[in-house]
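This report refers to the structure that appears directly beneath it.
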Amino acid sequence: MTDLLTALRAIVGDSHVLADESDRAPYEADWRGRYKGRAICVARPADTQEVAAVVCACAEHGVAVVPQGGNTGLVGGGVPRVMGNEVVISLSRLNRVRAIDPANNTLTVEAGCTLAAVQAAAAEHDRLFPLSLASEGSCQIGGNLSSNAGGVHVLRYGNTRELTLGLEVVLADGQIWNGLRGLRKDNTGYDLKHLFIGAEGTLGIITAAVLKLFPPPRSRAVAWVALASAAEVVNLLGSARAACGERLTAFEIVGRPALELVLKHIPGCSDPLRTPADCYALIELTDPAADADLSEALQAVLSAQMDAGRISDAVLAASEAQMRSLWALRENISEAQRIEGISIKHDVSVPVSSIPEFLARADAALREAFPDLRIVSFGHVGDGNLHYNISKPVAADNADFIAQTLAVNRIVHDIVADLGGSISAEHGLGQLKREEITRYKSPVEMALMRSIKQALDPRGLMNPGKVL
Ligand SMILES: Cc1cc2nc3c(=O)[nH]c(=O)nc-3n(C[C@H](O)[C@H](O)[C@H](O)COP(=O)(O)OP(=O)(O)OC[C@H]3O[C@@H](n4cnc5c(N)ncnc54)[C@H](O)[C@@H]3O)c2cc1C
């Protein structure tokens with residue numbers, strides 16, 4: 001591999017080929033610490049041409065590449081496998097804003113821009129880029145595109161796929177496809193960008209994108225609502241939608257055990273309500289008009305529900321700081337769960353109307369099979385997307401707990417499939433669900449996916465062992 005390292009150093013410069021074990025280490029393990037692989041080296045190209053040259057050099061040596069953005073992915077897609085024969089390509093240095101077109105409401109950015117930097121670039125021009133995730137300070141737009149990230153504003157603006165107009169991609173043979181078109185209408189054959197969005201780096205390396213922008217919200221209202229059941233949460237979602245329409249920007253569900261983990265582990269977080277409830281809804285309304293009275297609109301929805309006895313308690317944020325502290329209760333759940341210890345995670349979606357049934361059936365089936373497991377559920381209920389996570393019993397051994405993963409997954413995923421849902425709503429398949437998906441997608445769909453992979457990456461050098 002000395003030849004390959006020499007070639008890569010000639011392309012990106014000595015200091016941007018990380019071959020020492022300690023330099024490689026942060027790129028070889030995932031955020032949750034569940035996947036730890038080994039790479040020949042990490043290459044850090046500075047621009048699209050260098051990405052293409054790195055891909056070509058690796059292909060010439062028959063070496064597979066693993067594209068990596070902010071490495072916040074939750075399914076082991078961005079880290080190398082254990083064999084030590086892959087090159088990680090870090091996109092972090094492709095971090096320029098290439099263009100902004102306020103009249104067209106588009107922003108052209110390179111893949112290595114963090115999501116927070118993309119949001120800031122839009123804000124500088126009085127525009128909103130609405131994708132929003134708890135990992136936004138670290139994750140990169142290339143990673144968001146490759147995992148078709150969702151987050152808390154899908155309800156109003158759609159997921160990353162729906163926010164994208166054009167892409168630039170380095171293909172498996174090193175060719176560069178320039179599809180950086182800022183068009184909202186373009187029916188000229190197959191829409192190729194959609195192949196690469198959500199492909200988790202298995203079809204090509206995204207190097208830049210044209211993204212949609214929106215008017216920024218100038219009014220905002222946020223409420224934290226206590227409810228007796230998930231059925232009541234879904235009922236409240238329907239009422240809020242009917243009353244507030246497009247102003248409803250986020251509608252999240254948080255189960256009591258998830259809130260308790262945040263209160264236990266995250267300094268500065270406190271329960272905004274006096275009496276504990278089974279579950280909570282976090283509701284956000286926004287409007288581009290500065291004088292929209294959103295608090296009044298939200299108050300009206302909540303009062304009607306309270307009068308009908310469907311809400312036990314609620315708090316409406318009275319200041320920006322209070323809005324932030326209510327959001328912190330939701331956004332810190334993943335971090336709190338990480339601190340609490342190992343967990344078996346499920347990122348599932350079902351039709352919104354089936355959420356209560358899913359929770360009732362999955363809770364009952366799991367409690368019967370594994371009475372000591374702790375169910376920590378929360379998520380984007382407005383999108384029908386739940387993070388249905390199972391925490392280790394307090395006294396259990398990590399290895400014993402993890403040994404139950406397949407059995408736990410089977411129970412949860414079979415119920416999801418029975419309700420017409422998906423076993424990966426927004427995190428992708430990566431290494432985590434690569435085998436599992438074959439049980440739930442039809443042979444026809446799996447064969448179509450394999451044909452696309454074969455057509456675009458016939459040598460199997462783009463992030464092998466992920467997705468398929
Ligand atoms: C605290 C926390 C909260 C999160 N909340 C959410 C959430 O609400 N919604 C959600 O959807 N996700 C969420 N995630 C998951 C994660 O942040 C997203 O999946 C994010 O989009 C990954 O971006 P990244 O840059 O970190 O990608 P990485 O983890 O580096 O990579 C993800 C996948 O994309 C591939 N990839 C990365 N960059 C490129 C590229 N330029 N070209 C081709 N392939 C590439 C990788 O090979 C890998 O398969 C959360 C994660 C954390 C840690």
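Start at 1 and go down the list; that is how both ligands and their atoms are numbered. As the structure is a computational prediction, the values presented were derived from the model and not from experiment.
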Answer whether the closest heavy-atom distance between the side chains of His380 and Val154 falls below 4.5 Å.
->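 Result no, sub-4.5 Å side-chain heavy-atom pair not found.
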
Side-chain heavy-atom pair Glu320, Arg324 within 4.5 angstrom cut-off =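 Glu320 vs Arg324: side chains touch.
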
Side chain, backbone, both or neither: which part of Leu91 comes within less than 4.0 Å of ligand 1 when only heavy atoms are counted?
->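 Within the 4.0 Å criterion, Leu91 contacts ligand 1 through side-chain atoms alone.
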
Looking only at heavy atoms, is any part of Asp30 under 4.0 Å from ligand 1, and if so is it the side chain, the backbone, or both, or is it neither?
->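 Contact part for Asp30 vs ligand 1: neither.
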
Does some non-hydrogen atom of [X] fall short of 4.0 Å from ligand 1?
X      : value
Gly204 : yes
Glu335 : no
Val66  : no
Gln68  : yes

Answer yes when Arg330 and Glu252 have at least one side-chain N-carboxylate O distance shorter than 4.0 Å, and no when they do not.
->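 Result for this pair is yes, salt bridge flagged.
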
Can you tell me which residue and heavy atom of the protein come closest to [atom], and the distance to 0.1 Å?
atom                    : value
atom 11 (O) of ligand 1 : Gly150 N, 2.9 Å
atom 46 (C) of ligand 1 : Pro67 O, 3.2 Å
atom 43 (C) of ligand 1 : Ser146 OG, 3.1 Å

For His380, the ligand 1 atoms whose distance to one of its heavy atoms is below 4.0 Å =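 Near His380, the atoms of ligand 1 are 8 (O).
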
Under 4.0 Å from atom 32 (C) of ligand 1, is there any protein heavy atom?
->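 It does not: no protein heavy atom is found less than 4.0 Å away from atom 32 (C) of ligand 1.
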
Of Ser147, Gly70, Ser132, Ser92, which has the heavy atom at the shortest distance from atom 19 (O) of ligand 1?
->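 Answer by nearest heavy atom: Ser147.
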
Any donor-acceptor N or O pair under 3.5 Å, side chains Arg256, Tyr280 |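 Note: Arg256 and Tyr280 side chains meet the donor-acceptor criterion.
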
